[in-house]
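Comments concern the structure below.
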Amino acid sequence: MHFTTLGPAGSNHALVLERYLAARGMRQAPVQLAERFMDAFDALLEGTTDFVLQCTAHPSHGECVGRYMHRAFPVDAFIAGSQPLAVLARQEIETPRTLGLQPATRHYTDLSGYTEQIEAPTIVDVAEGLLDGRFEAGICARDALERHPQRLKLVEDLGPALDTWVLFGREKLPQDPVIWPEAPVVTQFESRD
(Lines give C-alpha, C1' and ligand atoms only; values in the text may rest on other atoms or scores of the structure.)
Protein backbone atom coordinates (compact mmCIF):
# COMPACT_ATOMS: atom_id res chain seq x y z
CA MET A 1 0.00 0.00 0.00
CA HIS A 2 1.25 3.46 -0.96
CA PHE A 3 0.28 6.66 0.83
CA THR A 4 0.51 10.19 -0.57
CA THR A 5 0.18 13.57 1.07
CA LEU A 6 1.33 17.12 0.54
CA GLY A 7 5.06 17.78 0.74
CA PRO A 8 7.72 18.87 1.11
CA ALA A 9 9.46 16.82 3.77
CA GLY A 10 9.09 18.63 7.08
CA SER A 11 5.55 19.80 6.34
CA ASN A 12 2.70 19.14 8.77
CA HIS A 13 1.12 16.78 6.26
CA ALA A 14 4.30 14.68 6.07
CA LEU A 15 4.67 14.70 9.87
CA VAL A 16 1.06 13.70 10.54
CA LEU A 17 1.13 10.95 7.90
CA GLU A 18 4.25 9.52 9.55
CA ARG A 19 2.52 9.58 12.95
CA TYR A 20 -0.66 8.05 11.48
CA LEU A 21 1.25 5.16 9.87
CA ALA A 22 3.11 4.52 13.13
CA ALA A 23 -0.16 4.47 15.10
CA ARG A 24 -1.68 2.04 12.60
CA GLY A 25 1.39 -0.24 12.70
CA MET A 26 2.31 0.55 9.09
CA ARG A 27 5.57 2.43 9.62
CA GLN A 28 7.17 0.72 6.62
CA ALA A 29 4.46 1.74 4.11
CA PRO A 30 5.85 3.69 1.14
CA VAL A 31 5.08 7.42 1.25
CA GLN A 32 5.02 9.85 -1.65
CA LEU A 33 4.93 13.62 -1.21
CA ALA A 34 3.05 15.66 -3.80
CA GLU A 35 3.50 19.34 -4.62
CA ARG A 36 -0.26 19.85 -5.01
CA PHE A 37 -3.28 17.93 -3.77
CA MET A 38 -4.68 17.72 -7.30
CA ASP A 39 -1.57 15.69 -8.22
CA ALA A 40 -2.08 13.42 -5.19
CA PHE A 41 -5.75 12.76 -6.00
CA ASP A 42 -4.93 12.17 -9.68
CA ALA A 43 -2.34 9.58 -8.58
CA LEU A 44 -5.03 7.94 -6.42
CA LEU A 45 -7.40 7.67 -9.38
CA GLU A 46 -4.61 6.44 -11.68
CA GLY A 47 -3.70 3.73 -9.15
CA THR A 48 -0.13 4.93 -8.56
CA THR A 49 -0.99 5.50 -4.90
CA ASP A 50 -3.58 3.79 -2.72
CA PHE A 51 -4.44 6.50 -0.20
CA VAL A 52 -4.24 10.30 0.13
CA LEU A 53 -4.09 12.07 3.49
CA GLN A 54 -5.44 15.62 3.66
CA CYS A 55 -6.05 18.06 6.49
CA THR A 56 -9.57 19.49 6.38
CA ALA A 57 -8.14 22.95 7.16
CA HIS A 58 -6.12 22.95 3.94
CA PRO A 59 -7.52 25.55 1.52
CA SER A 60 -7.93 22.94 -1.25
CA HIS A 61 -9.92 20.44 0.86
CA GLY A 62 -13.40 21.54 -0.26
CA GLU A 63 -12.28 21.74 -3.88
CA CYS A 64 -10.83 18.21 -3.73
CA VAL A 65 -13.93 16.74 -2.06
CA GLY A 66 -16.12 18.23 -4.80
CA ARG A 67 -13.83 17.56 -7.75
CA TYR A 68 -13.21 13.89 -6.85
CA MET A 69 -16.69 13.07 -5.51
CA HIS A 70 -17.80 9.51 -6.41
CA ARG A 71 -14.19 8.60 -7.27
CA ALA A 72 -12.17 9.30 -4.08
CA PHE A 73 -13.82 8.36 -0.80
CA PRO A 74 -13.05 9.11 2.85
CA VAL A 75 -11.93 5.81 4.37
CA ASP A 76 -10.54 7.01 7.71
CA ALA A 77 -10.54 10.20 9.77
CA PHE A 78 -8.77 11.30 12.94
CA ILE A 79 -7.77 14.30 15.02
CA ALA A 80 -4.09 15.22 15.31
CA GLY A 81 -1.99 18.20 16.29
CA SER A 82 0.48 19.83 13.96
CA GLN A 83 4.05 20.50 14.89
CA PRO A 84 4.25 23.51 17.21
CA LEU A 85 3.91 26.74 15.26
CA ALA A 86 5.17 30.24 15.93
CA VAL A 87 5.44 33.68 14.44
CA LEU A 88 9.15 34.06 13.80
CA ALA A 89 11.04 37.07 12.47
CA ARG A 90 14.49 37.70 11.09
CA GLN A 91 16.88 38.84 13.83
CA GLU A 92 17.88 42.04 12.06
CA ILE A 93 14.29 43.31 11.65
CA GLU A 94 13.28 45.50 14.58
CA THR A 95 9.55 45.74 13.75
CA PRO A 96 8.50 43.31 11.02
CA ARG A 97 5.81 44.56 8.63
CA THR A 98 5.69 41.79 6.01
CA LEU A 99 4.53 38.34 7.06
CA GLY A 100 4.67 35.07 5.15
CA LEU A 101 1.93 32.56 5.86
CA GLN A 102 0.27 29.42 4.57
CA PRO A 103 -3.39 30.46 4.07
CA ALA A 104 -4.79 27.98 6.62
CA THR A 105 -2.76 29.73 9.36
CA ARG A 106 -4.16 33.22 8.64
CA HIS A 107 -6.43 33.32 11.70
CA TYR A 108 -4.11 31.68 14.24
CA THR A 109 -3.21 35.06 15.74
CA ASP A 110 -3.83 38.81 15.34
CA LEU A 111 -2.02 39.91 12.18
CA SER A 112 -3.19 43.54 12.18
CA GLY A 113 0.36 44.80 12.82
CA TYR A 114 1.59 43.45 9.48
CA THR A 115 1.04 45.76 6.51
CA GLU A 116 1.59 42.99 3.97
CA GLN A 117 0.67 39.32 4.23
CA ILE A 118 2.23 37.10 1.58
CA GLU A 119 0.85 33.63 0.98
CA ALA A 120 3.13 30.62 0.64
CA PRO A 121 2.13 27.04 -0.21
CA THR A 122 3.43 25.47 3.02
CA ILE A 123 4.89 26.40 6.41
CA VAL A 124 8.18 24.97 5.12
CA ASP A 125 8.12 27.58 2.34
CA VAL A 126 7.46 30.27 4.95
CA ALA A 127 10.54 29.23 6.95
CA GLU A 128 12.64 29.18 3.77
CA GLY A 129 11.28 32.63 2.85
CA LEU A 130 12.38 33.98 6.21
CA LEU A 131 15.86 32.57 5.80
CA ASP A 132 16.33 33.85 2.26
CA GLY A 133 14.94 37.32 3.06
CA ARG A 134 11.57 37.20 1.23
CA PHE A 135 9.64 37.77 4.48
CA GLU A 136 10.43 39.83 7.56
CA ALA A 137 8.27 37.55 9.71
CA GLY A 138 6.28 34.38 9.14
CA ILE A 139 4.04 31.73 10.65
CA CYS A 140 5.97 28.48 10.47
CA ALA A 141 7.17 25.53 12.52
CA ARG A 142 8.74 26.71 15.76
CA ASP A 143 11.67 24.34 15.26
CA ALA A 144 13.01 26.69 12.55
CA LEU A 145 14.07 28.91 15.46
CA GLU A 146 15.90 26.01 17.10
CA ARG A 147 17.71 25.24 13.83
CA HIS A 148 18.59 28.92 13.15
CA PRO A 149 18.77 30.79 16.49
CA GLN A 150 21.33 33.30 15.15
CA ARG A 151 19.11 34.28 12.21
CA LEU A 152 15.57 34.12 13.64
CA LYS A 153 13.77 35.35 16.74
CA LEU A 154 10.49 34.42 18.40
CA VAL A 155 7.65 36.93 18.04
CA GLU A 156 4.82 34.72 19.30
CA ASP A 157 4.57 31.06 20.25
CA LEU A 158 1.33 29.61 18.79
CA GLY A 159 1.66 25.94 19.76
CA PRO A 160 0.26 23.10 17.66
CA ALA A 161 -2.92 23.44 15.64
CA LEU A 162 -5.41 20.67 16.36
CA ASP A 163 -7.02 19.58 13.10
CA THR A 164 -9.20 16.91 11.55
CA TRP A 165 -7.48 14.73 8.96
CA VAL A 166 -9.11 12.57 6.29
CA LEU A 167 -7.63 9.58 4.50
CA PHE A 168 -9.07 9.04 1.02
CA GLY A 169 -9.13 5.80 -0.97
CA ARG A 170 -10.78 4.52 -4.15
CA GLU A 171 -13.43 2.31 -2.53
CA LYS A 172 -16.46 3.60 -0.68
CA LEU A 173 -16.94 2.23 2.83
CA PRO A 174 -19.87 -0.19 3.14
CA GLN A 175 -21.45 1.48 6.18
CA ASP A 176 -22.82 4.98 6.67
CA PRO A 177 -22.22 6.68 9.05
CA VAL A 178 -18.89 5.39 10.31
CA ILE A 179 -18.61 6.47 13.94
CA TRP A 180 -15.85 6.28 16.53
CA PRO A 181 -17.54 4.17 19.28
CA GLU A 182 -15.26 5.38 22.11
CA ALA A 183 -15.30 9.06 21.16
CA PRO A 184 -14.86 11.40 24.13
CA VAL A 185 -18.35 12.83 23.55
CA VAL A 186 -19.81 9.36 24.31
CA THR A 187 -17.83 9.10 27.53
CA GLN A 188 -18.83 12.61 28.60
CA PHE A 189 -22.49 11.95 27.81
CA GLU A 190 -22.50 8.62 29.70
CA SER A 191 -20.82 10.17 32.76
CA ARG A 192 -23.72 12.66 33.10
CA ASP A 193 -26.28 9.86 33.59
Test side-chain contact (heavy atoms from CB on, under 4.5 Å) on Gln175 and Val178 and set out the steps.
-> CA-CA 6 Å; Gln175 123 187 21; Val178 177; 3.9 Å; yes

Determine the minimum heavy-atom distance between Val126 and Ile139, stating which atoms define it.
-> CG1-O, 3.3 Å

Residue Glu94 excluded, over 12 heavy atoms near CD under 6.0 Å | no

First locate atom NZ of Lys153, then atom CG of Leu88, and finally report the distance between them rounded to the nearest 0.5 Å.
-> 11.0 Å

Would you say the side chain of Cys140 lies within less than 4.5 Å of the side chain of Leu130, judging by non-hydrogen atoms?
-> yes

Thinking salt bridges, do Glu128 and Arg134 make one under a 4.0 Å N-O criterion?
-> no

Sub-3.5 Å donor-acceptor pair from the side chain of Ser60 to the main-chain atoms of Glu63, do we have one?
-> no

Rounded to the nearest 0.5 Å, how far apart are CG of Asp143 and CG of Leu85?
-> 10.0 Å

Nearest 0.5 Å please: distance from the CG atom of Leu6 over to the OG atom of Ser11.
-> 6.0 Å

Start with the C-alpha distance between Leu131 and Leu152, add both sets of side-chain angles, then the distance that settles side-chain contact (heavy atoms from CB on, under 4.5 Å), and finish with yes or no.
-> CA-CA 8 Å; Leu131 294 169; Leu152 300 174; 4.1 Å; yes

Any chance you could measure Arg90, atom CZ, to Thr98, atom OG1, to the nearest 0.5 Å?
-> 7.0 Å

Return the minimal non-hydrogen interatomic distance between Arg170 and Gly47, and the atom names on each side.
-> NH1-CA, 3.7 Å

Check: Met38 and Cys64 side chains under 4.5 Å, non-hydrogen atoms = yes

Side-chain touch Val75/Phe51, heavy atoms, less than 4.5 angstrom = yes

Gap separating the CD atom of Glu146 from the CG atom of Leu154, nearest 0.5 angstrom | 10.0 Å

Shared ILVMFWY cluster between Tyr114 and Leu158, side chains joined below 4.5 angstrom?
-> yes

Do Trp180 and Val16 share a hydrophobic cluster (ILVMFWY, side-chain heavy atoms under 4.5 Å, transitive)?
-> no

Around Glu156, counting heavy atoms of other residues, nucleotides and ligands shown, do more than 12 lie under 6.0 Å from its CD?
-> yes

Check for a donor-acceptor pair, side chain of Gln83 on one end and backbone N or O of Gly10 on the other, with a separation under 3.5 Å.
-> yes

Nearest heavy-atom approach of Ala72 to Leu45 is N-CD2, 4.4 Å

Identify the heavy atoms of Val166 and Pro74 that sit nearest to each other, and give their distance.
-> CG1-CB, 3.8 Å

Step by step, work out the side-chain contact (heavy atoms from CB on, under 4.5 Å) result for Val87 and Thr109.
-> CA-CA 9 Å; Val87 178; Thr109 189; 4.0 Å; yes

Say whether, by atom type as modelled, one donor and one acceptor occur between the side chain of Glu136 and the main chain of Arg97 under 3.5 angstrom.
-> yes

Ala57 and Ala104 have their tightest heavy-atom pair at O-CB, 3.4 Å

Check whether any side-chain heavy atom of Met26 lies under 4.5 Å from a side-chain heavy atom of Met1, and answer yes or no.
-> yes

Are Leu33 and Leu53 linked, directly or through other ILVMFWY residues, by side chains that come within less than 4.5 angstrom of each other?
-> yes

Compare all side-chain heavy atoms of Cys55 with those of His61 and state whether any distance is below 4.5 angstrom.
-> no

Is there a donor-acceptor pair under 3.5 Å between the side chain of Arg151 and the backbone N or O of Arg147?
-> no

Heavy-atom pair with the smallest gap, counting every atom of Tyr108 and Ala161 = OH-CB, 3.5 Å

Do His58 and Phe37 have their ring centres less than 6.0 Å from each other?
-> yes

Say whether Gln117 and Arg106, considering side chains only, have a donor N or O and an acceptor N or O under 3.5 Å apart.
-> yes

Does CD belonging to Glu92 count more than 12 external heavy atoms closer than 6.0 Å?
-> yes

Gln91 side chain vs Pro149 backbone, donor-acceptor pair below 3.5 Å = yes

Going by heavy atoms in the side chains, are Ile123 and Asn12 under 4.5 Å from each other?
-> yes

Can you check whether Leu111 reaches Leu101 side chain to side chain, under 4.5 Å on heavy atoms?
-> yes

How about Phe73 and Phe168: are their ring centres within less than 6.0 Å of each other?
-> no

So, the side chain of Thr5 versus the backbone of Ala14: is there a donor-acceptor pair under 3.5 Å, distance only?
-> no

Among Asp39, Thr48, Asp50, Thr49, side chain to side chain donor-acceptor pair (under 3.5 Å) partner for Thr4 = Thr49

Is there a side-chain contact between Tyr68 and Leu44, using heavy atoms and a 4.5 Å cut-off?
-> no

Does the separation of the ring centres of Phe78 and Tyr20 fall below 6.0 angstrom?
-> yes

d(Leu99 CG, Ile118 CD1) to nearest 0.5 Å is 8.0 Å

Step by step, work out the side-chain contact (heavy atoms from CB on, under 4.5 Å) result for Val52 and Phe3.
-> CA-CA 6 Å; Val52 172; Phe3 292 80; over 6 Å; no

